[in-house]
Chemist: 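Let me begin by handing over the structure; questions about it come next.
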Amino acid sequence: MEKEQVCEMLRRVREAKPLVHNITNTVVTNFTANGLLALGASPVMASAPEEAADMAKIASSLVLNIGTLNAQTVESMILAGKSANLHGVPVIFDPVGAGATRFRTESAQKIMSEVKVSVIRGNAAEIANVVGDKWEIKGVDAGAAEGDVLALSMKAACKLNCIVVITGKEDVATDGSIAYVVANGDQLLTKVTGTGCLLTSVIGAFAGVEKDVLKASAAALTFYGVAAEKAVKKTNGQGPGSFQIEFLNQLSIVTDEDLNRMCSFEIVR
Amino acid sequence: MEKEQVCEMLRRVREAKPLVHNITNTVVTNFTANGLLALGASPVMASAPEEAADMAKIASSLVLNIGTLNAQTVESMILAGKSANLHGVPVIFDPVGAGATRFRTESAQKIMSEVKVSVIRGNAAEIANVVGDKWEIKGVDAGAAEGDVLALSMKAACKLNCIVVITGKEDVATDGSIAYVVANGDQLLTKVTGTGCLLTSVIGAFAGVEKDVLKASAAALTFYGVAAEKAVKKTNGQGPGSFQIEFLNQLSIVTDEDLNRMCSFEIVR
Amino acid sequence: MEKEQVCEMLRRVREAKPLVHNITNTVVTNFTANGLLALGASPVMASAPEEAADMAKIASSLVLNIGTLNAQTVESMILAGKSANLHGVPVIFDPVGAGATRFRTESAQKIMSEVKVSVIRGNAAEIANVVGDKWEIKGVDAGAAEGDVLALSMKAACKLNCIVVITGKEDVATDGSIAYVVANGDQLLTKVTGTGCLLTSVIGAFAGVEKDVLKASAAALTFYGVAAEKAVKKTNGQGPGSFQIEFLNQLSIVTDEDLNRMCSFEIVR
């Protein structure tokens, strides 16, 4: 993938305004919807079992996020996921807090077993727990990443048979044979709740306009990281409140020029 | 209605601080509460069936919004709605996404049939779907409005026997015989989630202090549009994040002078 | 308690990053998580009965908030509360709107009877209703505080056998014999939804690093009030939107120097 492809995909998102159906947690619904709108996508939230399948089939992508899961939303996720599978709609899965409680780990594994997921996005601890490895997790935040994230992502992609995106100091997107290692982003993202969740939905927006979901994931990661870096620079030390607002601004105004100048990723085989 | 009446109603909201009971979607609860507080109203959210009726009867108005409906919240909406009807509390209804799924369309129609609604507020597609017309809808956003919005609103008001407010490029509020066509507002409102939902709640605040709900609706529309225009001007191109925050500021600080200078509506009979 | 102890506790929060488990209302989840992150704590939300107890036992503190309670979340609160009690995790309780509906009052009293609560935080009306006194409440906001708040807090602490924090024009934290009366804070906090709820969670963060929960509560109150005062000064009249964002900034950047200069509390015996 060249930088130009990132620009081109972003243009397609802004033109096509893909409908991203999110079944997500109650902490981040607002931020996710505003982030998708800022980017140029069209968010919809619909989590009732009575309508989850109907909404998923008309969407460009489906994003499932277990951040505040309960029995009913897990049921809706599976209904929506099966509907998306049937209609060729890519499914992006965010196993928030997998490993923190048995209910989360089991629900994440259940969703992975019943729905064909195109991309799974989490921190190292979450992905490790989904594939059955042990990795320290503290609440919903990854523990100190002492392991080899690239190796973990490769292994997980093979085992789960989907694109795996692991975010942390560096972000990795891989199909198990090729990996994009993305250096863009900033530590300040960890001081705003839902930035990981929104990233998952932004991958959904890119996957809604680009069939090569590995490239879509890598492009979303770089775009997202560039927006964060610009927001950090603009709000220079003001604090996480100002950063959050400027980040929404930047999702809307990042240009081709910004991407060409700032994109930083390498391809590992 | 004269511009002075808009000012006068806004003053009454800020003095009386009407208690607006919202049963609304999980995406916009925070923004709705903050918008109502900024305006000077007193928001409360209470959606459990065990307390919905009790809270509705002590409120100045009740706002029902099906943005993330489920079977239980629909039950609560009907319980609260009947309680509001019994105690003379005006009910404002926002049929978010009616037409997008069968569950939404049917739930919207069920609420309309079991509760006496004073005002229904939606985009053209939502209102059309509530009255049984076909109108393209994409997720929860109106499709390209090719039809005649004024005619639709008039027809809907007659059929539904309540005030109909349709928002879009122009906003219309009508009882089926007189229509207020409001030019205030800005396209940037569509880049922030929940601005339609918050408008519905702001109509609730105005209806909580003014018995003529058509005038209350028209006044709320113009006030809301003026606040948006001021926020656009102040944040001039910074992006939707900054606009959202400045919009909350403006809901709090719009003055009589702003309204007298900027209000733009006409009355059509 | 000396001012230096407030600084010292804040340092401990920022270093230890205590995991604060919140079962809270859908209006404030995002603001609560962002406020805790800004402060330096580590928030987690988990409200399903299947995992509430598991998450509570690994947390540094548990915060229960009935702002948008329903039968299931009350069940989860009790499960989480009992688990916290068993594992020595302090429980902080926010009885939002107690007195406004029978369901709220009874749920608050049920939680107090089944869970050993370390700190209860509310406005005067809420605390009065929990202890069975009558006090006017309007929705979830305290009515005009005509009673004697200090006397109420002392009485409630004795009757409930826990630390009682009542917030209003002045804030009080007491164990029934010693009371901290805190003058820090600003009226503008009442124009942003969830500032009371977030305060309860901030008390949770402090109680997560300090076993003397009365001192932890008093320190949290003063810190929170100082952050608010700095945010008011910085955003000087811009409105509640800007204040909200700057308040998040200040939770992150308040320094020892700020605290030593601005802390204002007295101890009453």
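Just so it is clear: chains get the letters A, B, ... in the order the sequence lines come, proteins before strands, and each one is counted from 1. Side chains are part of it too, since the values below use all heavy atoms of this structure and drop only hydrogens, waters and symmetry mates. On a predicted model such as this, the values are computed, not experimentally measured, just so you know.
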Chemist: Can you say whether C/Thr190 sits under 4.5 Å from chain B via the side chain, the backbone, both, or neither, judging by heavy atoms?
Modeler: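 Contact with chain B is through the backbone of C/Thr190 alone.
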Chemist: Looking only at heavy atoms and a cut-off of under 4.5 Å, which of B/Ile245, B/Leu251, B/Ile253, B/Leu36 has the most pairs with chain C?
Modeler: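 Among B/Ile245, B/Leu251, B/Ile253, B/Leu36, the one with the most close pairs to chain C is B/Ile245.
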Chemist: Need one label for C/Leu69: side chain, backbone, both or neither, based on atoms under 4.5 Å from any heavy atom in chain B.
Modeler: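 Both the backbone and the side chain of C/Leu69 come within 4.5 Å of chain B.
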Chemist: Mind checking side-chain hydrogen bond (donor to acceptor under 3.5 Å, both in side chains) for B/Lys230 and listing every partner two or more places apart, or none if nothing turns up?
Modeler: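 Partners of B/Lys230 under the side-chain hydrogen bond (donor to acceptor under 3.5 Å, both in side chains) test: B/Gln250, B/Asp258.
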Chemist: Looking at C/Ile23, C/Val63, C/Val91, which one forms a side-chain contact (heavy atoms from CB on, under 4.5 Å) with C/Met77?
Modeler: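 Single side-chain contact (heavy atoms from CB on, under 4.5 Å) partner of C/Met77 among C/Ile23, C/Val63, C/Val91: C/Ile23.
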Chemist: Test of understanding: with side-chain hydrogen bond (donor to acceptor under 3.5 Å, both in side chains), list the residues that count as partners of B/Thr195, not counting sequence neighbours.
Modeler: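 So B/Thr195 forms no side-chain hydrogen bond (donor to acceptor under 3.5 Å, both in side chains) with any residue.
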Chemist: May I ask you to name which of C/Thr26, C/Val27, C/Asn70 has the most heavy-atom pairs under 4.5 Å with chain B?
Modeler: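 Greatest number of close heavy-atom pairs with chain B: C/Val27.
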Chemist: Just give me the residue among B/Val28, B/Asn249, B/Thr29, B/Leu248 that pairs up with chain C most often, heavy atom to heavy atom, under 4.5 Å.
Modeler: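 Highest number of heavy-atom pairs under 4.5 Å: B/Asn249.
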Chemist: C/Phe247 vs C/Tyr224 aromatic rings, parallel, tilted or perpendicular, using cut-offs 30° and 60°?
Modeler: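 Perpendicular.
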Chemist: Between B/Glu114 and B/Lys82, is there a salt bridge with N-O shorter than 4.0 Å?
Modeler: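 Result for this pair is yes, salt bridge flagged.
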